[in-house]
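Encoded as structure tokens, the structure appears first; notes follow it.
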Amino acid sequence: MKPAADAKNDTSKRILDIAEQLLLTRGFNAFSYQHISSELGVRNAAIHYHYPKKTDLGVALIQRYRRRFQRFVDAQHTLAPQQQLERYFTLTDAYFEQDQQICPSGILTTEYQTLPAEMQAEANAFVDEMRDWAVRIADAGREDGSMHYAGTAQAMGLLMLAALQGGLQLARTDQSVLPALKIQIRALLGLATPLP
């Protein structure tokens, strides 16, 4: 039999897993605790026990994304800039291949004005971390001579983030968007072809 703490953590994780799926397919404002409790087969009170307010759940979700993203970035830090760029692309592809999901930053920025202040603060930090990673890729590529582009690394990183985030939304109606964007980003960076 599982100890009570393990059961509590397991339930909390299952709640986050379901909430994540709902966030990425519907958006934060389009799901309720009823959706989660129905999926889990429990009453709403069980969800409130772990996350008293929906804001608490939203903050926990974003913090989870931030931890996951940081682990992803840390795992790439020894790779060459072009390899990191290709990993960035695979991250985008992974969302699309899961029921045409939009990345969390895309959902959070789309709904930003309607999110509680605590969630806005976490969303800002998350988007900053994603942008900073894209900037570091562009900067390192220019530094090692593998990437050649006009403008600043800051602007190029922002362009990559915005293009891929918007591309996930557009790809829901036209699946050729993401491959075309990846080709164009490589071209803007002076990279002819993807790495094998």
Side-chain angles (χ1 to χ4, degrees), residues 9-73 87-134 157-182 185:
N9 289 339
D10 186 52
T11 301
S12 179
K13 180 188 177 308
R14 289 175 57 214
I15 291 168
L16 281 175
D17 290 344
I18 294 167
E20 179 176 356
Q21 182 70 19
L22 291 167
L23 175 77
L24 296 178
T25 54
R26 296 174 180 232
F28 185 74
N29 294 314
F31 76 86
S32 68
Y33 276 16
Q34 183 62 48
H35 291 102
I36 299 169
S37 62
S38 294
E39 178 77 20
L40 277 176
V42 299
R43 293 173 42 215
N44 279 1
I47 312 300
H48 285 284
Y49 172 77
H50 294 279
Y51 302 99
K53 298 180 298 184
K54 191 176 176 193
T55 299
D56 300 323
L57 175 62
V59 167
L61 266 176
I62 301 170
Q63 289 172 343
R64 182 190 208 191
Y65 285 129
R66 292 181 65 196
R67 288 188 303 272
R68 191 183 293 159
F69 182 69
Q70 192 56 57
R71 286 191 303 270
F72 179 82
V73 170
R87 295 283 164 64
Y88 194 175
F89 291 160
T90 62
L91 187 61
T92 303
D93 293 340
Y95 281 111
F96 186 73
E97 290 165 5
Q98 284 188 348
D99 302 322
Q100 296 184 348
Q101 293 176 343
I102 295 175
C103 68
S105 64
I107 291 288
L108 295 168
T109 54
T110 300
E111 295 187 329
Y112 185 81
Q113 297 299 332
T114 63
L115 296 177
E118 302 93 327
M119 286 184 67
Q120 287 180 345
E122 286 293 329
N124 284 337
F126 181 44
V127 171
D128 286 348
E129 291 160 358
M130 293 185 72
R131 183 188 60 238
D132 291 347
W133 185 49
L158 182 58
L159 183 137
M160 291 189 302
L161 174 63
L164 293 171
Q165 184 174 296
L168 277 169
Q169 295 174 13
L170 292 172
R172 285 180 158 182
T173 61
D174 180 354
Q175 294 187 14
S176 68
V177 167
L178 287 175
L181 279 175
K182 289 186 278 187
I185 290 170

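- The minimum heavy-atom distance between P52 and H48, with the atom names listed, is O-ND1, 2.9 Å.
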Check your understanding: Should V59 and D56 be marked as a side-chain contact (heavy atoms from CB on, under 4.5 Å) after you check the CA-CA gap, both sets of side-chain angles, and the distance that decides it?
Key -> CA-CA 5 Å; V59 167; D56 300 323; 5.9 Å; no
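- Between C103 and T92 there is no side-chain heavy-atom pair separated by less than 4.5 Å.
- Scanning both residues, L61 and A19, for their nearest heavy atoms gives CD1-CB, 3.8 Å.
- Here I47 contributes atom CD1 and I15 contributes atom CD1; the two are 4.0 Å apart, rounded to the nearest 0.5 Å.
- Seen from the ring of Y88, K182 does not count as a face-on cation partner, given the 6.0 Å and 45° thresholds.
- The minimum heavy-atom distance between I107 and G27, with the atom names listed, is CG2-CA, 4.0 Å.
- The 12-atom threshold is not exceeded at CZ of R43, counting heavy atoms of other residues, nucleotides or ligands nearer than 6.0 Å.
- At least one side-chain heavy atom of I62 sits under 4.5 Å from a side-chain heavy atom of L108.
- Between R64 and E20 there is a salt bridge, with a side-chain nitrogen of the basic residue lying less than 4.0 Å from a carboxylate oxygen of the acidic one.
- When all heavy atoms of T55 and P116 are compared, the pair lying nearest together is OG1-CG, 3.2 Å.
- S37 and N44 make their closest contact through OG-OD1, 2.6 Å (heavy atoms, listed as atom of the first residue, atom of the second, distance).
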Practice item. Just do the side-chain contact (heavy atoms from CB on, under 4.5 Å) check on I36 and V42 with the steps written out, would you? Key: CA-CA 9 Å; I36 299 169; V42 299; over 6 Å; no
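- In this structure, Y112 OH and F28 CZ are separated by 14.5 Å, a value rounded to the nearest 0.5 Å.
- Here L178 contributes atom CG and L170 contributes atom CG; the two are 9.0 Å apart, rounded to the nearest 0.5 Å.
- Of the residues listed (L16, D17, T11), the one engaging K13 in a side chain to side chain contact (heavy atoms under 4.5 Å, CB included) is D17, and it is the only one.
- Geometrically, K53 does not engage Y33 in a cation-pi contact, judged by NZ or CZ lying under 6.0 Å from the ring centre and within 45° of the ring axis.
- Using a 4.5 Å cut-off on side-chain heavy atoms (C-beta onward), Y51 and S12 make contact.
- Distance check, rounded to the nearest 0.5 Å: CZ of R66 to OG of S105 gives 13.0 Å.
- If you take CZ on R68 and CG on L91, they are separated by 10.0 Å, rounding to the nearest 0.5 Å.
- When side chains are defined from C-beta on, F96 counts as touching Q175, because their heavy atoms get closer than 4.5 Å.
- For R131 and D128, the salt-bridge test passes: some basic side-chain N is under 4.0 Å from an acidic carboxylate O.
- Contact annotation: the side chain of F31 approaches that of K54 to within less than 4.5 Å [non-hydrogen atoms, C-beta and beyond].
- Put simply, CE on M119 and OG1 on T114 are 8.5 Å apart, with the number rounded to the nearest 0.5 Å.
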Review point. Does the pair Y65 and E122 meet the rule for a side-chain contact (heavy atoms from CB on, under 4.5 Å), with working shown?
Key: CA-CA 10 Å; Y65 285 129; E122 286 293 329; over 6 Å; no
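- By the 4.5 Å heavy-atom criterion applied to side chains, T110 and Q169 are counted as neighbours.
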Practice item. With side-chain contact (heavy atoms from CB on, under 4.5 Å) as the test, would you mind laying out the steps for R14 and D10 before giving the verdict? Key: CA-CA 6 Å; R14 289 175 57 214; D10 186 52; 3.8 Å; yes
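- Put simply, the side chain of L164 reaches to within 4.5 Å of the side chain of F89, judged on heavy atoms.
- Of all heavy-atom pairs spanning I18 and E39, the tightest one is CD1-CG, 3.3 Å.
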Review point. Going through the checks in order, is the side-chain hydrogen bond (donor to acceptor under 3.5 Å, both in side chains) test met by T25 and Q21?
Key: CA-CA 6 Å; T25 54; Q21 182 70 19; 4.8 Å; no
